[in-house]
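First comes the structure, then the notes that go with it.
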Amino acid sequence: TKSPVKVTVTGAAGQIGYALLFRIASGAMLGPDTPVSLSLLEITPALKAAEGTAMELDDCAFPLLKGIEITDDANKAFSGTSVALLVGARPRGPGMERADLLQANGGIFKPQGEALNAGAADDIRVLVVGNPANTNALIAHSHAPDIPAERFSAMMRLDHNRALTQVAKKLGVGVDEVTKMTIWGNHSASQYPDLFHAQVGGKSVAEQVDQTWLSDTFIPTVAKRGAAIIDARGASSAASAANAAIDHVRSWVHGTPADDWVSAAIPSTGEYGVPEGLISGFPVTSDGGDWKVVEGLDIDEFSRARIDASVKELTEERDAVKGLGLI
Ligand code: NAX
């Protein structure tokens with residue numbers, strides 16, 4: 001029998017945490033043969049709610065779930081962990097400026113980066129979900145110098161999955177028939193969902209839809225889907241965000257299919273003109289080891305302008321956190 005893999009979830013008492021923990025414990029993320037032990041990291045006032053979630057996890061009697069730890073101590077939560085899902089973050093409050101938001105998140109992701117550096121397992125993989133996800137990942141990464149850069153990632157997979165469904169509906173095909181989707185740049189309204197490389201039936205999706213739908217309907221629908229969910233549900237995306245986190249880690253650990261790729265934000269090493277070090281959305285594959293950026297795609301002028309705009313925003317966020325002394 002395999003020894004359990006430790007998985008840490010921060011913000012475990014929040015709404016994404018509630019949708020995420022049960023699926024991890026069921027084996028949906030690491031597979032039906034991998035036992036897991038869960039570590040739930042929360043802030044002190046939310047520990048009681050996390051205890052409640054843990055009680056429900058117990059009550060599921062998941063065969064793969066070998067242990068649950070609940071703590072407000074990041075060092076304890078990350079000690080020996082192999083998968084860290086950083087979900088807890090500081091949301092933008094009323095009247096909060098961007099600098100305040102980045103400062104507040106620096107106060108979370110800097111110590112978490114340090115704690116990961118101090119105690120995580122050698123095979124640690126980090127996925128940042130809490131917004132601003134790309135820049136929070138950059139902060140955590142920059143305080144974890146002993147962990148290889150490629151172990152840090154931020155979540156573009158929800159945007160990716162949203163884009164798959166919009167295309168599938170438009171062309172009247174199953175979502176599994178849409179391949180090679182990419183979300184470039186920042187997980188924000190500036191993100192660029194790319195239909196020039198996405199394919200249905202072996203042909204570019206961009207060739208099968210009209211340009212007006214692509215630029216005036218598809219791109220804004222995907223980029224603003226989070227706001228549409230809040231408007232309809234009265235709360236932000238939770239189950240779909242948790243599902244995307246599961247998909248992201250599963251693809252990373254178990255690999256992506258041949259002839260296809262997924263979207264993830266990973267530290268740039270200069271691919272496609274994205275400045276080195278920025279944590280940007282790219283088309284990526286995995287063979288079960290590290291993410292690899294799919295290289296050699298032709299980027300036309302339309303795509304170039306949109307990728308550049310989103311990357312500019314990432315650069316500005318990086319400069320802002322640098323200015324605040326957070327990286
Ligand atoms: P909730 O407010 O329901 O939960 C967040 C939880 O984090 C709370 O329980 C809070 O106590 C906890 N927390 C705060 N600071 C913490 C710290 N220092 N250590 C540990 N826990 C801490 O938010 P939820 O709806 O679960 O969303 C979580 C984050 O995901 C938000 O930042 C949200 O913006 C982000 N999202 C990111 C998405 C993505 O695609 N990257 C999509 C969904 C989601 O909007």
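For reference, positions follow the sequence shown, starting with 1. Read the numbers this way: they start at 1 and go in the same order the structure lists the ligands and their atoms.
- The local environment of CD in Gln211 is crowded, with over 12 non-hydrogen atoms from other residues, nucleotides or ligands closer than 6.0 Å.
- Note on ligand 1: Gly226 sits outside its first shell, no heavy atom being nearer than 4.0 Å.
- Within 6.0 Å of CG in Asp59 there are more than 12 heavy atoms belonging to other residues, nucleotides or ligands.
- At the shortest separation from atom 37 (C) of ligand 1 among protein heavy atoms lies Val129 O, 3.0 Å.
- Ionic pairing of Asp319 and Lys322 is not present here: no N-O contact between side-chain nitrogen and carboxylate oxygen is shorter than 4.0 angstrom.
- Here His187 has side-chain heavy atoms under 4.0 Å from ligand 1, and that is the only part of it that gets that close.
- Ligand 1 lies within reach of Gln112, whose nearest heavy atom is under 4.0 Å from it.
- Looking at atom 21 (N) of ligand 1, its nearest protein heavy atom turns out to be Gly11 N, 3.2 Å.
- Under 4.0 Å is where a charged nitrogen must lie from a carboxylate oxygen, and between Asp259 and Lys180 no such pair does.
- Counting only non-hydrogen atoms, the option in Asn131, Val9, Asn134 that gets closest to atom 33 (C) of ligand 1 is Asn131.
- In terms of protein heavy-atom proximity, atom 11 (O) of ligand 1 is nearest to Glu42 OE1, 2.7 Å.
- For atom 27 (O) of ligand 1, the closest heavy atom belonging to the protein is Ile16 CD1, 3.3 Å.
- Less than 4.0 angstrom separates atom 2 (O) of ligand 1 from none of the non-hydrogen atoms of the protein.
- Considering only non-hydrogen protein atoms, atom 28 (C) of ligand 1 sits nearest to Val87 O, 3.3 Å.
- At the top of the distance list for atom 42 (C) of ligand 1, counting protein heavy atoms only, stands Leu158 CD2, 3.7 Å.
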I would like to know whether Arg162 and Ser237 meet side-chain hydrogen bond (donor to acceptor under 3.5 Å, both in side chains); could you show each step before the answer? CA-CA 12 Å; Arg162 287 166 171 167; Ser237 322; 2.9 Å; yes
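- Distances from ligand 1 to the non-hydrogen atoms of Ala238 include no value under 4.0 Å.
- To the nearest 0.5 Å, the span separating NE2 on His187 from CD1 on Ile279 amounts to 14.5 Å.
- Of the inter-residue distances, the one linking Lys224 atom NZ with Asp231 atom CG reads 12.5 Å to the nearest 0.5 angstrom.
- In this structure, the ring of Tyr272 has its center less than 6.0 angstrom from the ring center of Trp184.
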